[in-house]
Amino acid sequence: MPDTSGAPEPSLDEQIAAYQREFQDLDPQVEKVVSALSRLNRRMSVAYGRQTAELGISNPEWEVLKALVLAGDPYRMGPGDLAKRLGLTPAAMTHRIDRMVSEGLVTRERDENNRVRVIVGITEEGRGKWLEAMRRATVFEEDLLQDLSGEERGQLGEMLTRLLRRVEEAQPDAGGRLSDLD
């Protein structure tokens, strides 16, 4: 049950001390890293969500735009491929695409080579919103990392990439949501 008292979240050190009190086998160094990453991820998600909301799009919509941009020119993919890339069910992807088509962010067209197949493409408006979100994110991220030297940024990036690889190897199916949460 979430804390509804309005009390501030305990510091990492306070959290780890409480965990150690209840679970003596805890490695405080490991817990500090994992807890800091978790809090950082949560707070960054909130910050990105605020930025995309100011642009009139949601984080899930930004994820679709990002996937289309990453596909490369002409920025088109099938809905099934998008669903797999984002870890969504086909039904959730269809719902998201429907909403984005109505908002003018993407198009949905029949594949000229296979009339049964549908292709989702990014619109100029969608690409413009993606670019503005990237501009805002870049400013936020530069500010976030301002206290780290270039060398420290490189080292941190390498360390986090190693952790990511370990999780991806241990949990290969954990790349996205696998149910209709959207």
Side-chain angles (χ1 to χ4, degrees), residues 2 37-146 153-154 156-182:
L37 286 171
S38 177
R39 286 186 186 194
L40 181 61
N41 178 59
R42 189 173 65 238
R43 284 168 174 76
M44 288 178 70
S45 291
V46 168
Y48 291 136
R50 287 178 179 147
Q51 289 179 343
T52 57
E54 289 172 3
L55 297 173
I57 60 174
S58 66
N59 271 350
E61 290 170 332
W62 185 85
E63 290 292 334
V64 172
L65 298 175
K66 177 178 80 170
L68 292 170
V69 169
L70 289 175
D73 195 12
Y75 313 113
R76 298 164 46 112
M77 292 178 74
D81 294 331
L82 276 169
K84 285 178 189 168
R85 171 97 33 107
L86 299 176
L88 296 172
T89 64
M93 191 74 251
T94 297
H95 177 71
R96 191 172 296 176
I97 291 168
D98 288 345
R99 193 172 57 238
M100 293 179 73
V101 166
S102 72
E103 294 170 0
L105 301 171
V106 298
T107 59
R108 179 191 292 125
E109 302 170 353
R110 293 272 174 218
D111 185 340
E112 293 179 15
N113 299 323
N114 178 350
R115 301 296 294 162
V116 175
R117 185 174 169 189
V118 172
I119 299 292
V120 178
I122 195 168
T123 64
E124 285 300 316
E125 181 177 352
R127 183 159 167 76
K129 290 195 181 216
W130 180 83
L131 284 168
E132 182 57 27
M134 288 298 293
R135 284 185 196 97
R136 291 175 184 212
T138 298
V139 170
F140 169 72
E141 292 158 359
E142 285 291 331
D143 186 55
L144 177 70
L145 297 173
Q146 69 180 325
R153 290 177 186 195
L156 180 60
E158 287 301 316
M159 289 186 283
L160 291 173
T161 300
R162 286 194 336 242
L163 293 175
L164 179 59
R165 273 194 216 111
R166 169 123 11 224
V167 170
E168 289 173 341
E169 289 168 4
Q171 304 290 324
D173 63 340
R177 294 179 298 222
L178 299 175
S179 62
D180 290 308
L181 300 174
D182 195 23

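Quick caveat: nothing in here was measured; it's all calculated off a predicted structure.
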Taking side-chain hydrogen bond (donor to acceptor under 3.5 Å, both in side chains) as the test, write out the residues that go with [X], two or more places apart.
{"X": "Arg108", "result": "Asp98"}
{"X": "Asn113", "result": "none"}
{"X": "Glu103", "result": "none"}
{"X": "Lys84", "result": "none"}

For Met134, the side-chain contact (heavy atoms from CB on, under 4.5 Å) test, sequence neighbours excluded, returns Trp62, Trp130
The side-chain contact (heavy atoms from CB on, under 4.5 Å) partners of Arg117 (sequence neighbours excluded) come to Asp81, Asp111, Asn114, Ile119
Can you confirm whether [X] sits close enough to [Y] that some side-chain heavy atom of one is under 4.5 Å from a side-chain heavy atom of the other?
{"X": "Leu65", "Y": "Ile57", "value": "yes"}
{"X": "Leu156", "Y": "Leu160", "value": "yes"}
{"X": "Leu105", "Y": "Ile122", "value": "no"}
{"X": "Thr107", "Y": "Val120", "value": "no"}
{"X": "Met77", "Y": "Leu82", "value": "yes"}
{"X": "Leu163", "Y": "Met159", "value": "no"}

Note to self: Let me confirm one number: the CD-CD distance from Glu141 to Gln146, rounded to the nearest 0.5 Å.
What the structure shows: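 Here the interatomic distance stands at 13.5 Å.
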Run Glu63 and Lys66 through salt bridge (charged side-chain N to carboxylate O under 4.0 Å, His left out) and show every step you take.
CA-CA 5 Å; Glu63 290 292 334; Lys66 177 178 80 170; 3.1 Å; yes
Q) Is the shortest distance from a Lys or Arg side-chain nitrogen in Glu132 or Lys129 to a carboxylate oxygen in the other one below 4.0 Å? A) no
- Query: Looking at Glu61 and Arg99, does any basic side-chain N land under 4.0 Å from a carboxylate oxygen?
  - Reply: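 Yes.
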For [X], all residues meeting salt bridge (Lys or Arg N to Asp or Glu O under 4.0 Å), sequence neighbours excluded:
{"X": "Glu109", "result": "Arg76"}
{"X": "Glu112", "result": "none"}
{"X": "Arg127", "result": "none"}
{"X": "Glu54", "result": "Arg136"}

Which heavy atom of [X] sits nearest a heavy atom of [Y], and at what distance?
{"X": "Ile97", "Y": "Pro79", "result": "CD1-CB, 3.7 Å"}
{"X": "Thr52", "Y": "Ala133", "result": "CG2-CB, 4.4 Å"}
{"X": "Val106", "Y": "Leu68", "result": "CG1-CD1, 3.8 Å"}

**Request:** Give a yes or no on whether the backbone of Val64 and the side-chain of Arg96 come within a donor-acceptor separation of less than 3.5 Å.
**Result:** no
The ring pair (Phe, Tyr, Trp, His ring centres under 6.0 Å) partners of Tyr48 (sequence neighbours excluded) come to Phe140
In short, salt bridge (Lys or Arg N to Asp or Glu O under 4.0 Å) pairs touching residues 40-49 with sequence neighbours left out are Glu9-Arg42, Glu9-Arg43
